[in-house]
Amino acid sequence: MSDMADPGASTEAGGRPSVVLGVAGGIAAYKAAELLRRFTESGHDVTVVPTASALHFVGEATWAALSGKPVRTEVWESVHEVPHVRLGQAADLVVVAPATADLLARAAHGRADDLLTNVLLTARCPVVFAPAMHTEMWEHEATRANVATLRRRGALVIEPAVGRLTGVDTGKGRLPEPDEIFAICQDVLARGVAAPDLAGRSVVVSAGGTREPLDPVRYLGNRSSGRQGIALARAAASRGAEVTLVAANVTLPDPAGVKVVRVETTEELRDAVVSASGSADAVVMAAAPADFRPVSATDRKIKKASDGSAPALELTQTPDILAEISHARLRPGQVVVGFAAETGDDTGSVLDLGRAKLARKGCDLLVVNDVRGGAVFGADDNQAVILAADGTEADVPPGSKTALAHAVWDQVARRLEPDTTTHGPD
Ligand code: CTP
């Protein structure tokens, strides 16, 4: 709960955020039980509204026991409480997981043929859909159009994950892990903003530390965990962006709704970032690429010499990806962001070195971390100053990596040229 801010005024009487968990009729409904537990165990007041088909997969007793509340699917039950209007009106968040092709179609067309679709029509809070279906159904033109309609109206539709589907099939259409859907929902609730402000934007985030091979078992690496990059990717996804995460040796779970490209070396990181950046509105280089690599890696393990001597390593510089994409500007108006971990030295303070680096790299924003005393690496919290090429600087107080991620996207959003293609009325 450390990332949870005050979710706003419309919480139920006890001050607990009020969540409606819609469950549509897909096999991934069983994962929604885990999502429900995450919500209830962290103090949310959850009403589960399954569709009639969802109950074929997971029965009413499970939802009632886990939420501690009666469960309804139709508008004809407890009519005196007017649930078809009241539930949506009172919610701080409506999340539908899994959202099937049929549910997305009914929501996009404004149908009100069961309790869940009525809730969707009456809710004025943020609405999150976590679709899950077979790849063919997700890619069908009808589903694409329905998803586009829902996004245009301000809903957050999380991209499904790629992986094992029902039966023997694999592909895009898998429900993201409950923990990751929960993280997005927490983020949306904490921000309390009804419409995702990065909808229609495409962003690239790099994360982790590269490894430069010496021989088949050894490499030169660094201590970057990838946590800040993951937080940036997740925050952008929760603000509606289409996110590509280029992950160098990251072992943390994939954030929901994010396309993950895995790389190992700086050269591979460069190729993946450059290739994804051609269509990106913003690129954030949170990875720690190795600055040097061995001139050549041997294909046999380097053995210890019997005379006690150690091999001399000849190193060469790796490409500076941030400088390259900043100078190339692969898409007009693209906002490029770098990170710098500095300790300061005889030539200047942490911020002096940050300003010099910002100018040298040619990026729009540089997030400067003070790492004196080994702060930041692997930690959950972070603090920084965001320096901008226009001379402004924004202090980000100590807080979570999620909070820093949002501070970065706030600065990026301010610098993006207005998007005339995806917003506005249907
Ligand atoms: N970076 C990069 N390519 C590299 C090295 C770094 O794109 N080969 C990016 C990092 O992702 C980060 C920024 O550059 O966003 C600053 O990284 P840093 O290591 O501080 O920069 P260096 O140019 O390596 O400067 P220093 O000599 O201070 O290490």
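Counting convention: from 1, in listed order, for ligands and their atoms alike. Because the structure is predicted, anything quoted here is derived from the model rather than measured.
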Residue pair Asp345 / Thr347, side-chain donor-acceptor N/O under 3.5 Å: yes
Option whose closest heavy atom lies nearest to atom 15 (O) of ligand 1, chosen from Glu324, Arg360, Met285, Glu267: Met285
Pair Thr392, Asp390: side-chain N/O donor-acceptor within cut-off below 3.5 Å: yes
Atom 29 (O) of ligand 1: nearest protein contact (heavy atom, Å): Asp291 OD2, 3.5 Å
Atom 9 (C) of ligand 1: the protein heavy-atom neighbour that sits closest, reported with distance to 0.1 Å: Leu322 CB, 3.8 Å
Protein contact of atom 23 (O) of ligand 1 - nearest heavy atom, named by residue and atom, plus distance: Lys361 NZ, 2.7 Å
Under 4.0 Å to a heavy atom of Thr318 - the qualifying atoms of ligand 1, by number: 8 (N)
Residue, atom name and distance, where the atom is the protein heavy atom closest to atom 17 (O) of ligand 1: Phe339 O, 3.6 Å
Lys/Arg N to Asp/Glu carboxylate O, Asp197 vs Arg239, below 4.0 Å: yes
Basic-acidic side-chain contact under 4.0 Å: Arg331, Asp281: yes
Asp187 side chain to His406 side chain, donor-acceptor N/O pair below 3.5 angstrom: yes
Protein residue, atom and distance nearest to atom 26 (P) of ligand 1, heavy-atom basis: Lys357 NZ, 3.6 Å
Where ligand 1 meets Gly338 - atom numbers and elements under 4.0 angstrom, heavy-atom basis: 15 (O)
Any Pro319 heavy atom less than 4.0 Å from ligand 1: yes
Protein contact to atom 10 (C) of ligand 1 [nearest heavy atom, distance to 0.1 Å]: Ala287 O, 3.5 Å
Top protein contact for atom 3 (N) of ligand 1, by heavy-atom distance: Ile321 N, 3.1 Å
Ligand-residue contact atoms, ligand 1 with Asp320, heavy atoms, under 4.0 Å: 2 (C), 3 (N), 4 (C), 7 (O), 8 (N), 23 (O)
Under 3.5 Å side-chain donor-acceptor pair for Asp352 and Ser349: yes
Ring centers of Phe182, Phe39 separated by less than 6.0 Å: yes
No-hydrogen, no-angle side-chain donor-acceptor test under 3.5 Å, Gln334 and Ser277: no
